[in-house]
Amino acid sequence: MRSLLFVPGYSPRKQEKGLEVGADALILDLEDSVALAEKPKAREIAAGFLARMRGVAGRPTLYVRVNALDTGLTEDDLAAVMPHAPDGIMLPKAEGGLSVAHLGGRLAVHEAEHGLTDGATRILPIATETARAVFSLQSLPGSSPRLSGVTWGAEDLSADIGAETNRGEDGGWTAPFRLARNLTLMAAAAAEVDAIDTINAQFRDLDGLARECREARRDGFVGKMAIHPAQVAIINEAFTPTEAAIAQARRVVAAFAAAPGVGVVGIDGEMVDRPHLRRAERLLARLG
């Protein structure tokens with residue numbers, strides 16, 4: 001998934017609009033964008049949207065961001081949406097593998113109750129929204145076969161650590177947030193899942209978004225979350241592998257296939273080893 005667009009759980013209009021902008025995934029939000037008193041209605045609307053989209057060919061992947069496990073609201077969220085088979089659940093304020101495993105157990109129960117395939121519902125944790133969560137990143141590998149990726153959050157982390165801001169005067173992340181970002185990337189790599197970059201809240205600064213996407217792709221992220229439809233096309237462009245990159249990846253894979261068991265092959269006078277093969281395989285796997 002290159003682009004993951006948040007749409008409020010309470011807004012049928014924004015959900016329908018989200019289908020038209022080319023996002024790879026929509027995240028139906030039952031958490032931050034929904035006031036406490038409006039959550040029951042948002043669950044109902046989100047469930048209705050999932051029901052209408054179930055089985056529709058060519059639609060985006062559909063995730064639901066539920067409320068955090070410590071709020072007492074998660075089970076009501078799951079009870080509303082799981083009968084309609086969302087593709088995945090986004091877990092906010094996840095604190096490492098324990099949170100992911102706990103949610104996975106709940107999902108297994110709901111899948112059994114509603115006749116869904118065991119393990120079909122994926123989990124995408126927002127893994128750095130508290131200081132405790134940052135220290136728990138190392139527990140994500142092996143936590144659940146449902147883990148589809150790892151993403152990070154800066155806004156809640158700002159509040160948790162008492163930071164006055166999370167960006168410097170140049171618009172880049174300040175040091176604590178660069179640390180969280182970098183550790184998220186490492187945790188995703190260790191878990192052998194996709195690293196998804198966080199939102200850019202300055203949705204009118206499309207040049208800044210494009211720059212941030214290029215930097216994220218350079219470092220190893222394969223996608224980015226969006227909060228506004230205008231951000232989707234820029235994210236998609238940045239994270240779509242070029243034809244040259246695809247061709248090179250295929251050459252690497254073909255070279256190793258032609259020489260099974262070797263650790264290094266030569267391509268155009270350059271020595272290419274197995275880490276290059278893994279990178280090429282991962283790129284080609286993202287093409288579907």
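These values consider heavy atoms only, across backbone and side chains, with no hydrogens, waters or symmetry-generated copies. FYI, the numbering just counts along the sequence from 1.
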Item to complete: Decide if atom CZ of Arg204 counts as having more than 12 heavy atoms of other residues, nucleotides or ligands within a radius under 6.0 Å.
Response: no
Worksheet item: For Gly96, does its backbone N or O pair with a side-chain atom of Ser136 as donor and acceptor, under 3.5 Å?
Response: no
Worksheet entry | More than 12 heavy atoms from other groups under 6.0 Å of CD on Gln202 | no
Worksheet item: Does Lys39 use its side chain to pair, donor to acceptor, with the backbone of Glu31 at less than 3.5 Å?
Response: yes
Discussion item. Within the structure provided, determine whether Ile89 and Leu78 are in side-chain contact (heavy-atom separation under 4.5 Å).
Written reply: yes
Worksheet item: Can you check whether Pro8's main-chain N or O pairs, donor with acceptor, with Ser11's side chain at less than 3.5 Å?
Response: no
Practice prompt. Give a yes-or-no answer on whether the side chains of Arg167 and Thr174 include a donor-acceptor pair shorter than 3.5 Å.
Written response: no
Practice prompt. For residues Asn236 and Val232, determine if any side-chain heavy atom of one lies less than 4.5 Å from a side-chain heavy atom of the other.
Written response: yes
Practice prompt. Please lay out, stage by stage, how Val66 and Leu73 fare under the test side-chain contact (heavy atoms from CB on, under 4.5 Å).
Written response: CA-CA 8 Å; Val66 296; Leu73 300 171; over 6 Å; no
Item to complete: Please round to the nearest 0.5 Å and tell me the distance separating atom CE of Met82 and atom CD of Glu75.
Response: 10.0 Å
Practice prompt. Inspect the surroundings of CD in Glu20 and state if more than 12 heavy atoms from other residues, nucleotides or ligands are less than 6.0 Å away.
Written response: yes
Worksheet item: Is Glu215 atom CD crowded by more than 12 heavy atoms from other residues, nucleotides or ligands, each under 6.0 Å away?
Response: yes
Worksheet item: What is the minimum heavy-atom distance between Gly220 and Ala195, and which atoms define it?
Response: O-CB, 4.4 Å
Fill in: Whether over 12 other heavy atoms sit under 6.0 Å from Glu237 CD
no
Discussion item. Once rounded to the nearest 0.5 Å, what's the spacing between atom CD of Glu212 and atom CG of Asp207?
Written reply: 12.5 Å
Fill in: Min side-chain heavy-atom separation Lys224-Ser3 under 4.5 Å
no
Worksheet entry | Nearest-0.5 Å distance that lies between atom NE2 in His84 and atom CG in Leu62 | 12.5 Å
Worksheet entry | Positive for side chain to side chain contact (heavy atoms under 4.5 Å, CB included) with Val252, one of Leu284, Val272, Leu283 | Val272
Worksheet entry | Side-chain donor/acceptor of Thr151 to backbone N/O of Ile196, under 3.5 Å | yes
Worksheet item: Looking at Pro125 and Leu140, what are the two nearest heavy atoms and their distance?
Response: CG-CD2, 4.5 Å
Discussion item. Quick check against the 3.5 Å criterion: does Arg122 have a side-chain atom that pairs as donor or acceptor with the backbone of Pro145?
Written reply: yes
Worksheet item: Hey, are Thr117 and Glu111 close enough side-chain-wise for a donor-acceptor pair under 3.5 Å?
Response: no
Worksheet, complete the sentence: The reported gap from CD1 in Ile227 to CD1 in Ile199 (rounded to nearest 0.5 angstrom) is 4.5 Å
Worksheet entry | Minimum heavy-atom distance between Leu19 and Pro60, given as atom pair plus value | CD2-CD, 3.6 Å
Worksheet item: Taking atom types as modelled, is there a side-chain donor on Ser148 or Tyr63 under 3.5 Å from an acceptor on the other?
Response: yes
Worksheet item: Would Arg250 and Glu281 pass as an ion pair if we require N to O under 4.0 Å?
Response: no
Worksheet item: side chain to side chain donor-acceptor pair (under 3.5 Å) between Arg181 and Thr198: does it pass, once the steps are laid out?
Response: CA-CA 8 Å; Arg181 172 189 181 275; Thr198 194; over 6 Å; no
Practice prompt. Identify the two heavy atoms, one from Cys213 and one from Ile235, that lie closest to each other, and give their separation to 0.1 Å.
Written response: SG-CG1, 3.8 Å
Worksheet item: Quick one: do Lys93 and Asp70 make a salt bridge, cutoff under 4.0 Å?
Response: no
Worksheet item: Which distance, rounded to the nearest 0.5 Å, do you find between the CG of Asp32 and the CZ of Phe6?
Response: 8.5 Å
Worksheet item: Is there a donor-acceptor pair closer than 3.5 Å between any side-chain N or O of Asp24 and the backbone N or O of Arg2?
Response: yes
Worksheet item: Do we see a donor-acceptor contact under 3.5 Å between the side chains of Arg106 and His110?
Response: no
Worksheet item: Which residue pairs satisfy the ring-ring contact (aromatic ring centres under 6.0 Å, His included) criterion with at least one member in residues 123-182, sequence neighbours excluded?
Response: Trp152-Trp173
Fill in: Flag, side chain of Asp160 to backbone of Asp156, donor-acceptor distance under 3.5 Å
no
Discussion item. Grouping I, L, V, M, F, W and Y whenever their side-chain heavy atoms are under 4.5 Å apart, do Met90 and Leu30 come out in a common cluster?
Written reply: no
Discussion item. Closer than 4.0 angstrom, basic N to acidic O: yes or no for Arg251 and Asp268?
Written reply: yes
Worksheet entry | Evaluation steps, side-chain contact (heavy atoms from CB on, under 4.5 Å), between Val64 and Ile27 | CA-CA 5 Å; Val64 177; Ile27 305 169; over 6 Å; no
Worksheet item: Which is it for Leu26 and Phe49 under the side-chain contact (heavy atoms from CB on, under 4.5 Å) test, yes or no, and what are the steps along the way?
Response: CA-CA 11 Å; Leu26 299 183; Phe49 181 75; 4.2 Å; yes
Worksheet item: Counting only N and O atoms by type, is there a donor-acceptor contact under 3.5 Å from the side chain of Arg217 to the main-chain atoms of Gly223?
Response: no
Worksheet item: Minimum heavy-atom separation for Ala133 to Ala127, with atom names?
Response: CB-O, 3.4 Å
Worksheet item: More than 12 non-hydrogen atoms from neighbouring residues, nucleotides or ligands closer than 6.0 Å to CZ on Arg52, yes or no?
Response: yes
Item to complete: Go through the steps for Val265 and His276 under the test side-chain contact (heavy atoms from CB on, under 4.5 Å), then give the verdict.
Response: CA-CA 10 Å; Val265 298; His276 292 90; over 6 Å; no
Worksheet item: Judged by modelled atom types alone, do Asn67 and Thr74 share a side-chain donor-acceptor pair under 3.5 Å?
Response: no
Worksheet item: Should the pair Arg59-Asp87 be classified as a salt bridge under the 4.0 Å nitrogen-to-oxygen rule?
Response: yes
